[in-house]
Amino acid sequence: MNENYYAVIMAGGVGSRFWPLSRENKPKQFLDILGTGETLLQQTYRRLRKFCKPENILIVTHASFNDIVKEQVPEIISKNILLEPMRKNTGPCIAYATYKIINKDPNAVVAVMPSDHIILREDVFTKTVTTAMKQAEVDDKIITLGITPSRPETGYGYIQYKQNEDSSDEIKKVKTFTEKPQLELALKFIDSGDFLWNAGIFISSVKTLVNSFNKHLPDVANIFNNGSQHYYTESENNFIEKAYSMCPNISMDYGIMEKADNVFVIEADMGWSDIGTWSALYDNSEKNKQNNLVNSENIYTYDVNNSIIRIDKNKVAVIQGLENYIVIDEGDALLICRMDKEQNIKNYVEKIKKDKKDIYL
């Protein structure tokens, strides 16, 4: 196992689109959403152990999730749990991990990824990431993983790539990034044949990343570069508290990936889904004869089709006459929503928060 291979897991999100199962004190990355016996974070960590030593895996999360990370990944050492005092999007999150790693190992190559994605073909994932890491070790490249689109999905970002003169070269130069297009544009992307879904995973050397921050996000670079004497010491948390208060709220895609000219992509058919919505969970799960996704034998349905129904297993539910609905009964909250309106769930959560009913979030 290569001593210079590192991985960064981003695990600080709140997962509001998965409410009411995902809550502010325990969002979806810490849940066993698929019923496999592993949470999404645990699955991600286990995948990375195939090519990274445990001491080279870092988890970046919100400070309030420190205990739950330790509980779910007891193998990880405390100094590898990077605690964000506030959420400032993926730019500062990745900068924090990058500048911390380069202080320990200037020759590090790092794979960065979200904690809450599903990857069904783990052998393809391992092979693709290893290929990218070998390339990033010798070239000044940021290499992303792209997924072959199976439908004109409007909830994913898209990567357009340039065709290589050598058709056998699997690493292709990125031409454009597009965030969550409208349906009409997504259909054009699919028809063009040179667009991939953006999996939110990228691989690069830390030297290349630091150069990219210096060039495209110099303010962020200066903030985290000033922490070199604090990383891996008792003063690290105090430094990070001040650093985050000065950071802009900016994504890695917008701050660097869309601007850099050394971004490349590898197409990876690895059974990927970001499981960002209830319908994504539905698409990636086994259904019954009525094409319903249910979690309990105590659910009795009549004239119900193409729906998700999830209840407390100590309850009995009788449901009649639904088509394409999401019904989630979780603790002190109940959601009943048409599947084609689920993009509004985030707005519903915001309304509950606006009404100062945070105890239900």
Side-chain angles (χ1 to χ4, degrees), residues 1-2 4-10 43-44 46-52 56-57 90 94 98 107-114 117-153 156-179 181 186 188-209 211-212 252-253 256-274 284:
M1 199 169 286
N2 194 311
N4 301 122
Y5 285 3
Y6 289 73
V8 173
I9 302 173
M10 297 179 289
Q43 288 184 14
T44 303
R46 177 179 49 76
R47 280 195 295 268
L48 295 173
R49 283 288 287 109
K50 294 179 180 179
F51 56 87
C52 271
N56 287 2
I57 300 176
T90 53
I94 293 164
T98 297
N107 297 314
V109 177
V110 61
V112 180
M113 64 199 64
H117 290 185
I118 286 176
I119 294 172
L120 300 177
R121 300 185 187 97
E122 296 192 356
D123 55 337
V124 176
F125 168 79
T126 302
K127 179 178 179 294
T128 306
V129 173
T130 303
T131 296
M133 293 188 94
K134 288 178 180 176
Q135 186 73 38
E137 203 168 8
V138 295
D139 283 341
D140 179 31
K141 292 178 178 177
I142 303 174
I143 303 172
T144 66
L145 302 192
I147 310 301
T148 308
S150 58
R151 61 187 183 277
E153 173 63 56
Y156 295 161
Y158 285 74
I159 300 170
Q160 184 184 27
Y161 60 86
K162 296 180 181 178
Q163 296 288 354
N164 292 331
E165 293 181 7
D166 180 1
S167 60
S168 65
D169 189 353
E170 60 183 326
I171 302 179
K172 300 176 174 66
K173 189 169 178 60
V174 169
K175 189 175 181 181
T176 62
F177 282 90
T178 303
E179 278 299 309
K188 290 180 180 178
F189 289 170
I190 300 296
D191 290 341
S192 74
D194 59 354
F195 281 82
L196 302 170
W197 285 338
N198 184 358
I201 299 170
F202 69 87
I203 297 93
S204 177
S205 73
V206 286
K207 288 178 181 176
T208 293
L209 286 178
N211 289 338
S212 298
M252 182 71 176
D253 279 356
I256 290 180
M257 305 294 271
E258 294 179 10
K259 301 171 183 175
D261 59 4
N262 60 337
V263 181
F264 292 75
V265 64
I266 300 179
E267 188 171 355
D269 182 15
M270 56 188 185
W272 172 90
S273 173
D274 78 344
N284 285 274

TODO: Take Arg151 and Tyr156 through the side-chain contact (heavy atoms from CB on, under 4.5 Å) test and state the conclusion after the steps.
DONE: CA-CA 11 Å; Arg151 61 187 183 277; Tyr156 295 161; 3.9 Å; yes

Open item on the list: side-chain contact (heavy atoms from CB on, under 4.5 Å) for Leu120 and Met270? Distances and angles first, verdict last.
Closed with: CA-CA 6 Å; Leu120 300 177; Met270 56 188 185; over 6 Å; no

- [ ] Just do the side-chain contact (heavy atoms from CB on, under 4.5 Å) check on Asn4 and Val109 with the steps written out, would you?
- [x] CA-CA 6 Å; Asn4 301 122; Val109 177; 5.5 Å; no

Task: Main-chain N/O of Met252 paired to Thr90 side chain as donor or acceptor, under 3.5 Å - done: yes

Task: Asn211 (side chain) donor-acceptor with Lys207 (main chain) under 3.5 angstrom - done: yes

TODO: Kindly give the heavy-atom pair with the smallest separation between Pro114 and Gly200, and that separation in Å.
DONE: CD-O, 3.3 Å

- [ ] Taking the side chain as every heavy atom from C-beta outward, state whether Thr178 and Phe189 have any atom pair closer than 4.5 Å.
- [x] yes

Task: Verdict with supporting geometry, Val263 and Phe177, side-chain contact (heavy atoms from CB on, under 4.5 Å) - done: CA-CA 10 Å; Val263 181; Phe177 282 90; 3.9 Å; yes

Task: side-chain contact (heavy atoms from CB on, under 4.5 Å) involving Ser150 - partner list, sequence neighbours excluded - done: Trp197

- [ ] Looking only at non-hydrogen atoms, find the nearest pair between Gly146 and Val265 and report the distance.
- [x] N-CG2, 3.5 Å

Task: Distance in Å, Ile142 CD1 paired with Asn262 CG, rounded so as to fall on 0.5 Å steps - done: 5.0 Å

Open item on the list: I'd like to know if the side chain of Thr144 reaches the main chain of Phe264, judged simply by a donor and an acceptor atom lying under 3.5 Å from each other, with no hydrogens or angles considered.
Closed with: yes

TODO: Compute both the distance and the angle, then confirm whether Lys175 meets the cation-pi test with Tyr161: under 6.0 Å from the six-membered ring centre, within 45 degrees of the axis.
DONE: no

Open item on the list: To the closest 0.5 Å, what do you measure between OG (Ser212) and CE (Met257)?
Closed with: 9.0 Å

TODO: Indicate yes or no: at least one non-hydrogen side-chain atom of Tyr158 is less than 4.5 angstrom from one of Pro181.
DONE: yes

Open item on the list: Taking the side chain as everything from C-beta on, heavy atoms only, tell me whether Phe51 gets closer than 4.5 Å to Asn56.
Closed with: no

Task: By side-chain contact (heavy atoms from CB on, under 4.5 Å) - contacts of Ala111 (at least two apart) - done: Met113, Val129, Met133, Ile203

- [ ] Enter the distance from Ile201:CD1 to Ile147:CD1 here, rounded to the nearest 0.5 Å.
- [x] 6.5 Å

Task: pair Asp253-Asn198: side-chain heavy atoms closer than 4.5 Å - done: yes

Open item on the list: Per the salt bridge (Lys or Arg N to Asp or Glu O under 4.0 Å) rule, what does the pair list look like for residues 122-137, sequence neighbours excluded?
Closed with: Arg46-Glu122, Arg47-Glu122, Lys50-Glu122

Open item on the list: Looking at every heavy atom in both Thr98 and Val206, which two are closest together, and how far apart are they?
Closed with: CG2-O, 4.1 Å

Task: Side-chain donor or acceptor of Asp139 paired with backbone N/O of Lys141 under 3.5 Å - done: no

Open item on the list: Could you check whether any side-chain heavy atom of Tyr5 comes within less than 4.5 Å of a side-chain heavy atom of Leu48, counting everything from C-beta outward?
Closed with: no

Open item on the list: How close do Cys52 and Arg49 get, counting heavy atoms only, and between which atoms?
Closed with: O-NH1, 3.0 Å

Task: Pair Thr208-Asp140, side-chain donor/acceptor within less than 3.5 Å - done: yes

- [ ] For residues Ile266 and Ile143, determine if any side-chain heavy atom of one lies less than 4.5 Å from a side-chain heavy atom of the other.
- [x] yes

Task: Reference residue Thr176; test side-chain hydrogen bond (donor to acceptor under 3.5 Å, both in side chains); the match among Lys162, Gln160, Glu258 - done: Gln160

